[in-house]
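One structure is given below, encoded as structure tokens.
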Amino acid sequence: MTDAMIYVEGAGESNQLRIRCREGFTNLLKNCGFEGRLPRIVACGGRDIAFDKFKTAIKEGNRAYVALLVDSEDPVAHIEKPWEHLKKRDKWICPAGAIDDQVFLMTTCMETWIISDRDSLRR
């Protein structure tokens, strides 16, 4: 575990769903080679909650790295400028001290794939 935290949109309102979401992202990161240096995953439910928690963490400044992972909801015009997309789409302002490299947008096709290809998801 590192001193990094990722605030993730998703998992709904129940504690059980948030636990399963954290487990899923943890397993994904382990499979991507992050074993031994995993960030703490915070499943937040709705996107506004994830953004609020991210803003608070940035303001507190007590983590080495803080990131936000939310659905893009729409096509992204400039993939290297996620805050620009979020400002246009959600009216979110990049918090002071945050940079584009701290926000990750899940593509809309991911949600479709997750729902449509359950066999691959299980594997």
Side-chain angles (χ1 to χ4, degrees):
M1 189 78 73
T2 67
D3 190 29
M5 188 169 284
I6 301 175
Y7 294 92
V8 177
E9 173 188 3
E13 300 302 317
S14 79
N15 285 334
Q16 188 60 34
L17 288 174
R18 283 194 281 269
I19 289 167
R20 291 179 66 194
C21 182
R22 282 192 305 268
E23 289 172 348
F25 275 103
T26 298
N27 288 333
L28 174 66
L29 291 172
K30 284 179 181 178
N31 289 333
C32 290
F34 285 89
E35 184 81 49
R37 52 192 175 101
L38 291 169
R40 179 171 171 224
I41 304 294
V42 180
C44 298
R47 68 191 286 108
D48 289 327
I49 295 169
F51 180 52
D52 287 343
K53 289 183 177 196
F54 172 81
K55 288 188 300 187
T56 299
I58 289 291
K59 186 175 181 178
E60 290 173 351
N62 57 7
R63 294 270 176 192
Y65 180 75
V66 178
L68 174 66
L69 173 63
V70 294
D71 295 331
S72 65
E73 303 292 354
D74 297 311
V76 179
H78 304 287
I79 61 170
E80 299 296 326
K81 298 180 180 182
W83 283 115
E84 184 178 288
H85 174 76
L86 293 171
K87 181 178 181 182
K88 181 178 178 182
R89 191 196 177 283
D90 296 288
K91 310 289 189 267
W92 290 356
I93 305 298
C94 178
I99 59 174
D100 280 321
D101 289 345
Q102 288 175 278
V103 63
F104 300 94
L105 301 174
M106 190 178 309
T107 64
T108 51
C109 69
M110 278 301 295
E111 293 171 317
T112 305
W113 171 76
I114 288 170
I115 291 170
S116 67
D117 194 355
R118 293 188 181 271
D119 291 336
S120 292
L121 183 59
R122 268 189 217 96
R123 283 193 302 274

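Quantities reported herein were computed from a predicted structural model and do not represent experimental measurements.
- Residues M106 and F25 come closest through the heavy atom pair CE-CZ, 4.2 Å.
- Hydrophobic clustering, with ILVMFWY side chains joined whenever heavy atoms are under 4.5 angstrom apart, groups L29 together with V8.
- Follow the hydrophobic side-chain contacts under 4.5 Å out from I93 and you never reach F104; the two are in separate clusters.
- Other residues, nucleotides and ligands place no more than 12 heavy atoms under 6.0 Å from the CD1 atom of I79.
- Under the 4.5 Å side-chain heavy-atom criterion for ILVMFWY residues, no single connected hydrophobic cluster contains both I49 and F51.
- R22 is linked by a side chain to side chain donor-acceptor pair (under 3.5 Å) to nothing, counting only residues two or more places apart in sequence or in another chain.
- No side-chain heavy atom of D90 sits less than 4.5 Å from a side-chain heavy atom of V70.
- Under the side-chain contact (heavy atoms from CB on, under 4.5 Å) test applied with Y7, the options T56, L69, V66 reduce to a single match, V66.
- Separation of atoms CG (D74) and CG (L105) is listed at 10.5 Å; rounding is to 0.5 Å.
- Counting heavy atoms from C-beta outward, K55 and I58 have side chains that stay 4.5 Å or more apart.
- Put simply, the side chain of N62 does not reach to within 4.5 Å of the side chain of M5, judged on heavy atoms.
- Under the 4.5 Å side-chain criterion, counting only non-hydrogen atoms from C-beta, W92 is in contact with L68.
- E60 places no side-chain N or O within 3.5 Å of a backbone atom of A57 that could act as its donor or acceptor partner.
- In this structure, the side chain of E9 does not engage the main chain of A50 through any donor-acceptor pair within 3.5 Å.
- Under a 3.5 Å cut-off, the side chain of R40 and the backbone N or O of D3 do not form any donor-acceptor pair.
- In the displayed structure, R89 atom CZ is contacted under 6.0 Å by more than 12 heavy atoms of other residues, nucleotides or ligands.
- The heavy-atom pair separating S72 from V76 by the smallest distance is CB-CG2, 3.8 Å.
- Scanning for side-chain contact (heavy atoms from CB on, under 4.5 Å) contacts around E35 gives K30, with sequence neighbours left out.
- Residue pairs that meet the side chain to side chain donor-acceptor pair (under 3.5 Å) test with at least one member in residues 77-88, sequence neighbours left out, do not exist here.
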